[in-house]
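Below, chains carry the letters A, B, ... as their sequence lines are ordered, and counting in each starts from 1. The basis for the numbers below is simple: all heavy atoms, side chains too, and nothing from hydrogens, waters or symmetry mates.
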Amino acid sequence: MTIKTIRSAFPVLARAHFHYLDNAAMAQVPGQVINAVAAHDVAARANVHRGLHDLARRADAAYEAARESVAGFLSARPDEVVFTGGCTQALNLVAGGLAESLGPRDMVVVSVAEHHSNLLPWLMLAKRRGFQLASIPVTWDGRLDLSDLSMIDARCKVVAVTHVSNVTGAVSDIPRLAEAAHAVGAKLVVDGAQRTPHGPVDPRALGADFYAFAGHKTYGPTGVGVLWGRAEHLAHLPPAAWGGGMVAGLDGETVDFLDPPRRFEAGTPPVAQAVGLAAALDWMRGLDWDKVRLHEAGLTRQLLAGLAGLDGIELVGPNGLEDRLPVVSFTVKGCHPHDVAHLLGEHGVAVRGGAHCSQPLMKALGLHEGCLRVSMAPYNDDSDIHALLRGLAEAVRVLR
Amino acid sequence: MTIKTIRSAFPVLARAHFHYLDNAAMAQVPGQVINAVAAHDVAARANVHRGLHDLARRADAAYEAARESVAGFLSARPDEVVFTGGCTQALNLVAGGLAESLGPRDMVVVSVAEHHSNLLPWLMLAKRRGFQLASIPVTWDGRLDLSDLSMIDARCKVVAVTHVSNVTGAVSDIPRLAEAAHAVGAKLVVDGAQRTPHGPVDPRALGADFYAFAGHKTYGPTGVGVLWGRAEHLAHLPPAAWGGGMVAGLDGETVDFLDPPRRFEAGTPPVAQAVGLAAALDWMRGLDWDKVRLHEAGLTRQLLAGLAGLDGIELVGPNGLEDRLPVVSFTVKGCHPHDVAHLLGEHGVAVRGGAHCSQPLMKALGLHEGCLRVSMAPYNDDSDIHALLRGLAEAVRVLR
Amino acid sequence: MSHEVYQQAIKDLAGREAGRLVAPTASARLDNPLCGDRIDLDVTVADGTVTGLGQVTRGCLLCKASATVAVEQATGLEVARAVALVEDVRAMLRQGASPPLAGLAAFEAVRPYKSRHECVLLPFKALAKALGSGLP
Amino acid sequence: MSHEVYQQAIKDLAGREAGRLVAPTASARLDNPLCGDRIDLDVTVADGTVTGLGQVTRGCLLCKASATVAVEQATGLEVARAVALVEDVRAMLRQGASPPLAGLAAFEAVRPYKSRHECVLLPFKALAKALGSGLP
Ligand SMILES: Cc1ncc(COP(=O)(O)O)c(C=O)c1O
Ligand SMILES: Cc1ncc(COP(=O)(O)O)c(C=O)c1O
C-alpha cells in the first residue's frame, strides 16, 4: 500500500497542480464510496424497516450492514450505533437527551478548545434548563489544560470535550478525562470529528460514554454522521427529535419509543449516505494505519520544519509531533489569514483561514483575525507540502 | 413527453417484472440525480461558506444554486429555503423554534391524519412546555373534518397539518385552514411530504407560513429535506439545533446568530444531497404537470375500478378522484396487510402494509391491523396497476 | 407467485386457534404495535411443567400459525425449556439453527424475510412472558 | 500566482488608514465576527452632506482598502447618496454594475470571489450605519 495507491482511489486528486489541504473541513471521497452510493440508489433504494418487497429488504440489509461496518470501525456493538445527519446533529442529540435530566444544581464541563458544534448545544441548553457551564482552559499551545480538574466535581453531570482539536490537531487525554468524569459519576461525551479521519478508534476502551463523528470528514458522503453510545446509557437516553420510525406504540398522549438505536433515528434515515459511509470506513479499514500514521507524521514534521524556515510565521498549537494529528495552524505576521488563504487558493493550494468555528479558542489564544489551517489526509504527499510552502512564501511577497 | 420517456430516466425501472408502487415511502431516483451527486463529489466537494479555494467556491456556488432551485420549485425566495436532513428534521426544527414561545395558555392544533413526524414533535413539546394539543378529526373517508374549526380559537398559536395524507392521498384544504389560523393570529405549518412528489407547489399562495418536505420522496437523495418559511417568520424563529456555521459572534454566553437561512443550518449541511435534490426538482420542472396529473389520475381511476371488482376489498380514504393524489389504501377481508404485501412483493409488486406511521388515523378508522397502501409516481403505468390487481387476486387465493 | 412461506401447513396452523383457558396459572398479553399484532396467551403450570396452553391472536398468518405451534407443542415441556424456546426460534430464523419444535419446520421458509421474523417470535415471547421470565 | 485581486492599487489603498476623527458628528463600529474584521468609522455631516470621514480597520487587505475608498471618496456626497453606496457596491460585486466610486474600480476583480464580497462591503455598511440608516 503506497501513497500512490491511496491517491489513485480518489478521482478528484487526478487534477494536476491541485493540493488539497483542507481535510479537516471536509475530506475527499474515494471512488468506491461514490459508486456504493450510486449502486445503492439503482439497486436497493427503498425506505427501511418493515418493508415487505425485494427493494425494501435490500435497503434494510444494506442499512443494517452499514451499521455493522460502523460498529466494526468503533469496536462497538451495532445497536450502539445511531445514524444521524452529521456530527453536529449527533452532538445535539446527545446534549438534548442528557439535558432532559439536568437542572440548576447541575453542571456541564466543556473546554475552551471546543468546536461550536460541541459548545453551542450545551450553552443553549444551559440557558434553557438553568444548569451551569464550565470550561476547561487551554495551555499556550492550545492543549486542554488538565492541571486542575477540580471543576469536575459532584455537581458535574457531563463532561463534553473534543478528541482532537480542529484547530491545533492536539489530541486530548480522553482516558484521564474519563477517569475524572467517572469519579464523580458524570458522563463523558467525546467529539470525535477530527479523530476518525485518522483511523479506527475504540471509544469504549478510551473511556468515552458517547462519541460523535461526521461522515464527510471520514471520506464518506455529506449528510450523515454517527452517534455512538454505550448500550447501557443509550437505553436511558430520551430522544431529542421525534417522528416516524421511532415509536412502537402511540396511544393518545402515551408514547412508547422503540429500543436504541431506532429510538434516536426519527424519520427516514440517510440510508444511501450510511451505505456510503460504510464503504468509506471499509476503505479505511483496508489501510495499514501504522504506516499511514507514520506518513502523516512525516508530512507534519516536514510542514513544521518548513514553516520554521519562513519569516513571521507563528504556530498555533503544539510545535511537536507528540499527541497531535496532522492539523497545523499558524498566523503570518502582517498578513490576514483570508488574504493568504485566497492567494494560496489561486496557487492551487486549498487551506482554510478564519476562526474555524472555534471562537472561544481564538479568543483565548489572542487570534482576533483567526489563523490559517493546513489539515492533511493519508492521500497527501510531499508535493502538497512543497506547494504550500512555496505558495506561502509567494503570498507573503505579494501581500507585504 | 411520454410515460416511456419518463420511465427511461429511472435506471431501476429497467428491471423486468418489477412494479414499484411504494412511492409514498420513498420514490425512485432519475439517473441524472445520481450523476449530479457523483459529479459534485468528484469536482466540487468541499465544505461550504467562506471557503477561499477553488473547490470551496464551487461547493458554495453549487449549494446556493441548489437553494435557488428549491426556491423556484416553491415560488419562493432563496433565503426562505432551509436545507435539513429530512422532512422530519424540518418539522422538528419549526416545532422546536415555535414552541420556544408557547406555554400553558397556548394551544397547537394538529389533525388525526398526521404522520407521526408532524405529530410527535408537537406532542413531545406540549408535554415539555405545557401547551395544549388539539386534533382536527377526520371524516369516515379519512379527510380532515373542517365542519367545526372552533378549536382554532384565541389560544391557538399554531396549526400544523398535512397537505396530503400519506395513507389516503386526500388533499387538505390548506387555504381554508390558513384563513382559520390567520384569523386568530396562529401560524400554519404544512407537512408537504406527500405533496411535493406531484409537482411544484406555491406554499405562500396557499397561505402556509411554514412548509416542509423530503428529498427522497421527491425523486432526490436520502439525507436531505427542506423547511420553507416566510421570510418575516423565519426572521423571528429561534434555531432549535446549534453548531458550527450558524453564529456570527460568540462572546462568553452571548450568541449572535446569523440571519436565515443559515441560522437554521447548524453544522455542515447535506451539500451533495442538496445538489442532488436540485437535480431532481429540475427534472420535475421539466415535466408537463397538467399531463402528468391526468396520467396519475388515470392510474388512480383504473386502480379504484379494479379494486371495486375484487371481493372483500374495503377502501380507506376517498373513493373518488377529487382532491386526492395517487395514493390508495385499502384492506382485504380476512387477509392481514403484511401477508398480502409479502405475497405481492414475491410477485414483483412493491406496496406497503401496516400503520404507515399514522397510528391515530388507523385508530380513528378502526384499522387495528393497518392497511395496504399503493402509491404512484409519474413513471408508473397500466402494467403496474395490472400486475398489482393480478397479484392481489392471487394473494387472496393463496391466503384464504 | 412463491407460496413457500404460505404453504398449506402454515395456513392450517393459522386456522387452528386454541382459544383462552378457563383457569390459567398465568396469562400474558403482548403487542407488536408496529403491525397491530396482539396475542393473549394463557398457561397452566404444575410441578415445573407446562400442562396447558391457550391463545387468541390478532395478527398475520405467520403470527397466528406460530401461536398454534406454541400452544400445541410447548405443552409438557419444563418451564425453563419453554422459556428458552424464544431464543431457539430466534436462532432458527437468524442463524439457521434447526427448529426447536417439529411444528416449526414450516417456518424455515421465513428465514430470508427478516422483517417477518418478529411475527413468528411474538407468540414465543408471550409464552416466556407468561411464564414469568420477562422478555429477553 | 494571480495577483489580480491583490494588485498594487489595492495594497496602496490598504496602506492608507485615515485614522479617527477628533469631533465626529456620528460614529459606528461594525464587526464581521466570522473573520474578526472590525471597522470604527467616524463621520462629520453638515447641511445634509458628508463633510469628513475617518476610520480604523482591523481586517483583511480588501476590507482595509475598501475602507480607504469609503473615507476618501464619500466625503462631499449627500447623506442619502452615501447611505445608498452599500447597495451600489453590492450591485457592482454581484450583478456586475459599474463601480459607484472611481476608487472601487480596483475591486471589480473581486467579483468572482463571492466569499470576499463581505470584506469589501463592511466599510460601506459601517458608513450607512454611522449615517443613521441602520443596516440594509
Ligand atoms: C406525510 C408525511 N410527513 C412526514 C414524513 C416524514 O418524512 P421523512 O421520513 O422523510 O423525514 C412522511 C414520510 O415518511 C410523510 O409521509
Ligand atoms: C471538532 C469538530 N467538531 C464538530 C464538527 C461538526 O461536524 P459537522 O459540521 O460535520 O456536523 C467539526 C467540523 O466542522 C469539527 O471539526
Of the non-hydrogen atoms in [X] and [Y], which two are nearest, and what is the gap between them?
| X | Y | result |
| --- | --- | --- |
| B/N92 | A/W242 | ND2-O, 2.8 Å |
| B/R45 | A/Y20 | O-OH, 4.3 Å |
| A/V351 | B/H53 | O-CD2, 3.4 Å |
| B/T88 | A/G243 | CG2-CA, 3.9 Å |
| B/R15 | A/R58 | NH2-NH2, 3.6 Å |
| A/C357 | B/G244 | SG-CA, 3.8 Å |

[X] versus [Y]: any side-chain heavy-atom pair under 4.5 Å?
| X | Y | value |
| --- | --- | --- |
| A/E100 | B/R128 | yes |
| B/Q28 | A/L55 | yes |
| A/D54 | B/F18 | no |
| A/N47 | B/R352 | yes |

For B/F131, all residues meeting ring pair (Phe, Tyr, Trp, His ring centres under 6.0 Å), sequence neighbours excluded:
none

Output for pair (B/E346 CD, A/L52 CG), nearest 0.5 Å, gives 10.0 Å

Max heavy-atom pair count under 4.5 Å with chain A, selected residue of [options]:
| options | answer |
| --- | --- |
| B/K127, B/R57, B/H342, B/M124 | B/M124 |
| B/P270, B/G225, B/P121 | B/P121 |
| B/H115, B/H356, B/E253 | B/E253 |

B/L250/A/L123 under side-chain contact (heavy atoms from CB on, under 4.5 Å): CA gap, chis, key distance, verdict:
CA-CA 11 Å; B/L250 177 61; A/L123 182 61; 3.8 Å; yes

Could you check whether any side-chain N or O of B/Q359 sits under 3.5 Å from a backbone N or O of A/D251, counting only pairs where one atom can act as donor and the other as acceptor?
no

